[in-house]
Amino acid sequence: MSESERVRAHVYVSGTVQGVYYRASTRDAAEERGVDGWVTNLADGRVEAVFEGATGDVEEMVEWCHTGSRAASVADVDVEYGDPEGLDGFEVRY
């Protein structure tokens, strides 16, 4: 897939999303869809993630964020779209 066929979504998820396997579940969901990027916890209790890949796959990840891991309770998902930066693979950042 060429860079022009890829999209990037930068997501902030709020609610009960830390300590509930949200990051690991996000990584697993992204890898299942072939989406590149990363996910991390923020000091304010939110989770931040970036997804890059085919439009449909990235949109699936954004939708997935509204539910997240089984133990999560998502209050809100803010998403901004931008140009892909060429990320390769998906990582949980600490």
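Heavy-atom basis, side chains included; hydrogens, waters and symmetry copies ignored.
Electrostatic pairing of Asp36 and Arg6 counts as a salt bridge here, judged by a charged N lying under 4.0 Å from a carboxylate O. Classification of Arg93 and Glu91 as a salt-bridged pair holds, one side-chain N sitting under 4.0 Å from a carboxylate O.
Partners of Glu60 under the salt bridge (Lys or Arg N to Asp or Glu O under 4.0 Å) rule, at least two apart in sequence or in another chain, are Arg33. With sequence neighbours left out, Glu59 forms a side-chain contact (heavy atoms from CB on, under 4.5 Å) with Thr55, Tyr81. Glu31 is linked by a side-chain hydrogen bond (donor to acceptor under 3.5 Å, both in side chains) to nothing, counting only residues two or more places apart in sequence or in another chain. Partners of Tyr21 under the side-chain hydrogen bond (donor to acceptor under 3.5 Å, both in side chains) rule, at least two apart in sequence or in another chain, do not exist in this structure. A search for side-chain hydrogen bond (donor to acceptor under 3.5 Å, both in side chains) contacts involving Asp76 returns nothing, not counting sequence neighbours.
Using a 30° and 60° split on the angle between ring planes, Phe90 and Phe51 fall in the parallel class, below 30°.
Note: Thr26 OG1 to Met61 CE = 5.5 Å, rounded to the nearest 0.5 Å. Between Asp44 atom CG and Ser14 atom OG the span is 9.0 Å, to the nearest 0.5 Å.
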Subject >> Working for salt bridge (charged side-chain N to carboxylate O under 4.0 Å, His left out), residues Glu85 and Arg8 >> reply: CA-CA 8 Å; Glu85 296 180 1; Arg8 176 185 176 94; 3.6 Å; yes

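When all heavy atoms of Val74 and Thr67 are compared, the closest pair comes out as CG2-O, 3.6 Å.
Listed by chain and number, the hydrophobic cluster partners of Tyr12 are Leu42, where partners are ILVMFWY side chains within reach of under 4.5 Å, directly or through others.
The aromatic ring centres of Tyr94 and Trp38 sit 6.0 Å or more apart.
A side-chain donor-acceptor contact under 3.5 Å links Ser69 to the backbone of Val20. Here the side chain of Tyr22 pairs a donor or acceptor atom with the backbone of Cys65 at under 3.5 angstrom.
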